[in-house]
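One-based numbering, in listed order, for ligands and for the atoms of each.
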Amino acid sequence: MLILMLRVFRSKKSPLLFVFFVCFLFSFTQARAAWRTAGDIKSVKKLADGAELELTSGARVIVRFVMPDAVRVRLAPNGKFERDFSYAVEEKMRPMIAAKVSESKDEIGISVTNGARVVIKRRPFLVTVLDEAGNIVCDDDAARPAAFDAETGAVEASKKRSETEIYYGFGEKALPISRHEQFIANWNTDTFAYPTGLDPIYQTHPFYVALLQGKAYGLFFDNTFRSYFDTGKTDPARLVFGASGGELNYYVFTGGRERSPRNVVRDYTDLTGRAPLPPLWALGYQQSRWSYYPESLVRELAKKFRDEKVPADVIYLDIGYMRGYRIFTWDESRFPDPSKMLADLRAQGFRVVTIVDPGVKVDADYEIYKNGQEANVFVKDAQGGELHANVWPGACVFPDFTDSKARLWFGDLYKSFLDAGVAGFWNDMNEPATFLPENLNEPQIYHHPRKTFPLNAQHAGDGLPGTHARYHNVYGQQMARATFEGLKRLRPNSRPFVLTRAGYAGVQRYAAVWTGDNVASWDHLALTIPMLINMGVSGVPFVGADIGGFAGNPTPELYTRWLEAAALAPLMRSHVEAGQPDREPWMHGEPYTSINRKTIELRYQLLPYLYSLFHEHTETGAPVMRPLAFEYPQDVRTYLIDDEFLVGRDLLVAPVVGEGERKRRVYFPKGDDWVDWRTGARYEGGKSYDVDAPLEALPLFARIGAAIPTQAVVQNTDEMRSAPLGVVASLGGDFVSKIYQDAGEGDEYKNGAYRAMSVAQLRNEMIIARSGMSGRALSYIEIIGLNAPPAEIRVNNRVVTDAAFDAERRRVRFALPDETALKISVQP
Ligand code: MIG
């Protein structure tokens, strides 16, 4: 730089240019010079649950325990803490964690009984978090102490990293299963047809679970500004995270005594909340396209499902149902009588979900626009005027979802749609996404950072007014919240179903998430596995990807394989962009229609299991769809497996994600053995096998010792009430399984209206106990993985005489009596 300047100066001999360059150089060094480290500790104030520190840089820090195994570090660069507020953290009463603070010349120690410990170095300020046993969990990098840029407001922290440490989490990322050695950015972006590796996409979850040789910890950086993580990309020995503004506010989760991913996710979701039990119907098969209309076509679609006997619960209406894309209106030429249509579909066992975008058309004759103006609920531009931007309806205004008044207003708008009989709502475009300003429209740039509000747009921020730069990443989460809370107010006895595209940490409290505009390609099918399981680890259990890929048109084989891979995904929805053929299970004719029907039937058979897993999530935060390492952190061979996943603890799914493949290699995690769901063949844990994977079959395996609730095939969830419920079990383990049932709707389960069953297995015996009246009894049991018919089977000490042994599929099935306790013994 200097040489360049001198040369120019010498050649031109222009004093003006010289001044210009000096100024340029000065401003350049100035900008960098504004970065400073947090400095040394000047003073310490003990708190009941931690300590408050004053640093020589003028920054202030609070370190406190929020749970016995979770520590929060909060650094205010200018020494003034903001109000203590978070869109991620669930509001609830939390017990105070009493901590012991000890001071020595060089260090400050903070510890709790039966929990983690923190050691803070005084010169310079450095934080080390240790587990109960005294092992270092997460350690500031002394070469790069916490720093901030007083001019721009940017903050940054650096942690030491072991080069073989891997990372799950980070929410929705089109990245490999472990997010190590990546540069990760968080800025919610509408990314149509995102290629693998594009980052960021639609959501922001600045949270990871680190795993190193069987030991986990978690870190959550609760900052809504544009943020980033360098997980060892620049320097493999260092993990860096930072944001363009706000406080350096983060939590470290030590994972308790076990240092397990399960404990980390339990504590993270204790902090940021868990997904409430969804309405049962939302676990059924969902059919969508951009965009089903008119009414007659929707009716034909519903009829076709029932005629073809392809089970389904949900039909989506995309933006084509609206009058000129005005939200909360119907295009009457396409849908002349929505209430009648919705009632008729409901009678056929269908629920309808409609899309609702945030943009409100600027139109003086449009009630919602006028009401919103009067109520003063729209986002403002830098000058305080209404912010206008183009989306589908043309020029629009946008509710400021960071304003409780706007959330109430928006939530109430759902009334007319609920009254008409719409069952659930789909919030799209809430990154927020806008079309590019006209002058940037050519060439078509899909992933442009300016496809959102200007950074200086103004938000209410629930009491802390701020710019779009601060609130961009929470806009979608708060829209989902407005929707969820509105639905809850309007229908207190129903469980809201909300599907959102954008989100921030904690979005699971309000909505299910789909992975946006994916692509009809084999690599995108493969990508669904790392994407969805990492969402689960990030606390978001109700997730799915558009089956078949949104952009483009899948081959019959790709669609069929994709449907199989999604059969046990938490959210199972086919969807496709405008201009492509329909994306329905029968669209490719035979043999695909029959295979696809069987795949969807498999999901319906396993709905009792999936539902029990959603219940488990409410109690422990465990995801429905899990990476193998979630259950087997001691088996390092599982760590990078990205083409298999677990559904709950007991089912291992190994979908085919390659074109033309008719068998595949499956690794079975060490510590358990496994049984092929279809053939009854047994596999040993800790080994890989080549398994058959004909086009018509999803490779699916049950853990030995599992007891998995299943039911007869139904055409929709309404039929579940009367469908026989049973258990598929594999004997030989020593486990307890839990089965949960309730009305599948409403909150009566909180008053005891549910039925819980536990299945305890010990080698060849099984004890099934149940409590609660609101549920079906078990009417059959199927024991899989048997090489020969059992010598004797007894149920409550009576010999079973009508057990049907299936030699080919290595299983036996028999009926169970309706008794509160069942003791089943099987003599091989
Ligand atoms: O600008 O509503 O991701 O699922 O079909 C596109 C139309 C808007 C994007 C969503 C997609 C939806 C589409 N939407």
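- Looking at Trp426 next to ligand 1, no N or O pair under 3.5 Å apart turns up.
- Checked against a 3.5 angstrom limit, the closest N/O atoms of Asp517 and ligand 1 fall inside it.
- In summary, the atoms of ligand 1 found under 4.0 Å from a heavy atom of Asp318, numbered by their order in the structure, are 2 (O), 5 (O), 7 (C), 12 (C).
- Aromatic ring centres of Phe542 and Phe614 lie closer together than 6.0 Å.
- Every atom of ligand 1 with a heavy atom of Trp514 under 4.0 Å away is listed here by number and element: 3 (O), 4 (O), 10 (C).
- Which parts of ligand 1 touch Asp428 is read off a 4.0 Å heavy-atom cut-off, strictly below it: atoms 2 (O), 3 (O), 8 (C), 9 (C), 10 (C), 12 (C), 13 (C), 14 (N).
- Salt-bridge formation is detected for the pair Asp412/Arg489: a Lys NZ or Arg NE/NH1/NH2 atom is positioned less than 4.0 Å from an Asp or Glu carboxylate oxygen.
- Aromatic pair Trp409/Phe378: ring centres closer than 6.0 Å.
- Residue Phe435 places every heavy atom at 4.0 Å or more from ligand 1.
- Close approach to Ile355 involves these atoms of ligand 1, each under 4.0 Å from a residue heavy atom: 2 (O).
- With Tyr228 as the fixed residue, the ring pair (Phe, Tyr, Trp, His ring centres under 6.0 Å) test singles out one of Trp187, Phe170, Phe183: Phe183.
- From Thr500, atom OG1 reaches atom CG of Asn430 across 3.5 Å, with rounding to the nearest 0.5 Å.
- A cation-pi arrangement is absent between Arg179 and Tyr208 under the rule of less than 6.0 angstrom and at most 45 degrees off the ring axis.
- Side-chain atoms of Thr483 and Tyr414 form a donor-acceptor pair, as typed in the model, at a separation below 3.5 Å.
- For the residue pair Ser574 and Tyr559, a side-chain donor N or O sits within less than 3.5 Å of a side-chain acceptor on the partner.
- Not close to ligand 1: Phe192, with no non-hydrogen atom less than 4.0 angstrom away.
- Any N or O atom pair closer than 3.5 Å counts here, and Trp392 shares at least one such pair with ligand 1.
- Side-chain contact between Pro496 and Tyr510 is absent, with no heavy atoms from C-beta onward closer than 4.5 Å.
- With a 4.0 Å heavy-atom cut-off, ligand 1 is reached by the side chain of Arg501 but not by its N, CA, C or O.
- Looking at Asp546 next to ligand 1, no N or O pair under 3.5 Å apart turns up.
- Contacts between Asp190 and ligand 1 below 4.0 angstrom, taking non-hydrogen atoms only, are absent altogether.
- Residue His575 approaches ligand 1 through these ligand atoms, each under 4.0 Å from one of its heavy atoms: 4 (O), 5 (O), 11 (C), 12 (C).
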